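These numbers were taken from a predicted model, which means no experiment stands behind them. Quick note on labels: first sequence line is chain A, next is B, and so on, each numbered from 1.
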There are 2 protein chains.
Amino acid sequence: MPRYERPIATVDAALFTLVDGGLTLALTRREREPYKGQLALFGGYVHTDEDEDTAATARRILREKGGIALSYLEQLYTFSGKVRDPRGWSLSVAYYALVRPHELQSGDARQIELIPIGKVPALPFDHNRIVELALARLRGKASYSSLPAFLLPPTFTLSQLQDVYERVLGHALDKSSFRRKIESQGVITPVEQMVRGGRHRPAQLYRLSDRHLAEFDRLISTA
Amino acid sequence: MPRYERPIATVDAALFTLVDGGLTLALTRREREPYKGQLALFGGYVHTDEDEDTAATARRILREKGGIALSYLEQLYTFSGKVRDPRGWSLSVAYYALVRPHELQSGDARQIELIPIGKVPALPFDHNRIVELALARLRGKASYSSLPAFLLPPTFTLSQLQDVYERVLGHALDKSSFRRKIESQGVITPVEQMVRGGRHRPAQLYRLSDRHLAEFDRLISTA
DNA sequence: AAAATAGTGTCTGTTAGACATTATCGG
DNA sequence: CCGATAATGTCTAACAGACACTATTTT
């Protein structure tokens with residue numbers, strides 16, 4: 001048995017969604033010390049009596065604090081050290097998660113604050129580092145996977161899909177190249193329905209071919 | 001303050017090197033229970049009084065048990081749960097590391113067992129999962145970065161470099177395409193020296209242009 | 001000269017990027 | 001018919017993969 005004090009073990013989650021089409025971080029006000037009342041990532045202690053593993057901890061915290069159905073959850077990185085938490089040597093297993101906009105409506109609005117990713121304020125602990133890493137991971141995976149589609153409703157048009165990719169990646173994409181790439185990768189399947197709206201040609205609706213994340217054989221064009 | 005017991009916090013490291021040109025995993029025999037005497041990854045408790053963070057824990061463990069100078073160290077994933085360790089709810093921050101073959105000579109040979117990656121036996125805890133994930137990460141990064149070069153001496157020929165890439169990736173590469181890719185990415189720099197040996201044309205020696213990992217703008221050919 | 005490996009050249013099919021064109025809706 | 005967005009087509013440059021060929025050493 002160890003002679004050493006066990007570190008504090010917590011889980012933090014960077015939760016992303018779309019608000020008015022823009023990539024948005026969901027934060028919450030801390031209910032306890034330290035930093036009580038401050039805006040921070042969703043986070044909490046590992047409950048060794050009820051959590052199967054740290055992914056379960058993350059899901060429990062988001063369920064308790066927001067009541068949110070996640071479309072994607074992935075472990076990001078584990079942050080650790082003596083100084084990152086005033087309570088002492090700590091270890092935070094960080095996750096990032098995506099939520100579809102219409103799912104977020106069902107969350108407890110009083111416990112969720114939505115901040116556009118360009119306007120994230122200074123956060124307690126090393127939460128700004130976590131957000132930066134989560135964004136980098138999100139952008140990285142967006143360039144070679146179906147990840148951004150998990151921010152959309154179950155069915156969507158190709159224009160909507162291109163728009164989310166552009167929002168996540170942060171730059172414009174060529175329509176023709178984008179469609180070629182997405183269709184050649186077989187990650188989406190047309191559904192028997194069209195969207196009519198506005199005075200223009202109706203758009204084909206699609207869904208993800210697979211409920212899980214699909215990786216492409218090459219990168220999305222960098223335009 | 002939490003009402004919950006803190007989980008056990010450990011660090012495990014999958015250490016890779018080359019032996020006779022082949023990718024090899026370095027293991028050690030456990031000095032303590034549980035699984036005392038069994039072959040396992042290098043691992044140990046986080047020492048909150050002396051370790052700056054978990055990367056420092058990993059370096060300390062490898063220093064103590066092997067006396068090894070690492071050429072590369074990267075956090076891999078954090079494994080957690082109630083059942084993975086007989087001592088109780090535990091959390092292992094897993095790392096993987098690369099060592100240059102000539103550096104391994106300086107390690108304590110009695111504490112290191114070298115196993116070709118095709119012949120890794122059943123290991124305690126979830127160490128086989130860690131090894132699999134480490135290999136997958138290593139192979140993934142090999143296809144778009146200078147990572148395999150960290151398994152070579154500071155200077156090397158292009159033939160040696162291609163050989164390590166092939167060993168890590170597990171398949172042959174086209175010589176012409178490989179050289180084009182590597183040289184176009186600017187990750188290596190020729191040094192003022194040639195290697196003469198064998199009855200053939202001497203080879204140009206190179207070194208990495210940067211001490212750090214360099215990523216390519218596209219994948220290495222899949223041949 | 002022969003053997004062996006280092007290093008270069010060339011052809012071809014595929015793909016990304018740019019951009020133009022056609023299609024189909026609502027009004 | 002017009003405005004708007006959906007969807008498709010075309011051209012070109014860049015690149016990967018395959019493979020042939022040349023270069024320089026030792027024996």
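- Taking atom CZ of residue B:Phe178 and atom C1' of nucleotide C:dT8, one finds them 16 Å apart after rounding to whole Å.
- Taking atom CG of A:Asp217 as the reference point, atom P of C:dT14 lies 14 Å away to the nearest angstrom.
- Close to C:dA16, at under 4.0 Å from its OP1 or OP2, lies no side-chain N or O of A:Ser177.
- Mapping B:Met194 and A:Arg201 onto DNA chain C by nearest heavy atom places B:Met194 at the nucleotide closer to the 5' end.
- Taking 3.5 Å as the limit, the base of D:dA7 and the side chain of A:Lys175 contain a donor-acceptor pair of atoms between them.
- Comparing B:Gln160 and B:Arg180 along DNA chain C, the residue whose closest nucleotide (by nearest heavy atom) sits nearer the 5' end is B:Gln160.
- Using a 4.5 Å heavy-atom cutoff, the side chains of A:Leu123 and A:Leu27 are in contact.
- Residue-to-nucleotide contacts include a donor-acceptor pair under 3.5 Å from the side chain of A:Ser176 to the base of D:dG9.
- The listed nucleotides are C:dT24, C:dA6, C:dG26; the one nearest the side chain of A:Arg196 is C:dG26.
- Distance A:Arg179 CZ to D:dT5 P: 13 Å, rounded to the nearest Å.
- One can place CZ of A:Phe156 at 14 Å from P of D:dA6, the figure rounded to the nearest angstrom.
- The nearest whole Å value for the distance from the CD atom in A:Gln204 to the P atom in C:dA23 is 18 Å.
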Exercise for the section: Run the numbers on B:Val131 and B:Leu41 for side-chain contact (heavy atoms from CB on, under 4.5 Å), then give the verdict. Expected result: CA-CA 9 Å; B:Val131 171; B:Leu41 294 181; 3.8 Å; yes
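- You'll find that the side chain of A:Asp174 is closest to C:dC19, out of D:dA18, C:dC19, C:dA6.
- With the nearest nucleotide of DNA chain D identified for both B:Gly197 and B:Arg218, B:Arg218 has the one nearer the 5' end.
- Regarding A:Ile188, its CD1 atom lies at a distance of 14 Å from the P atom of D:dA6, rounded to whole Å.
- Atoms CZ and OG1, on A:Arg59 and A:Thr54 in that order, are 9.5 Å from each other to the nearest 0.5 Å.
- For A:His200 and C:dG26, the NE2 to P distance is 10 Å, given to the nearest whole Å.
- Listed candidates were D:dA16, C:dT22, C:dG7. Nearest to the side chain of B:Leu158 is C:dG7.
- Across all strands shown, A:Ser184 has no heavy atoms under 4.0 Å from either base or sugar-phosphate atoms.
- At most 12 non-hydrogen atoms from other residues, nucleotides or ligands lie less than 6.0 angstrom from CG of A:Asp20.
- Distance OH (A:Tyr206) to P (D:dA6): 12 Å, rounded to an integer number of Å.
- Close to D:dT5, at under 4.0 Å from its OP1 or OP2, lies no side-chain N or O of A:Ser159.
- Side-chain nitrogen and oxygen atoms of B:Lys181 include at least one within less than 4.0 Å of the OP1 or OP2 phosphate oxygen of D:dA16.
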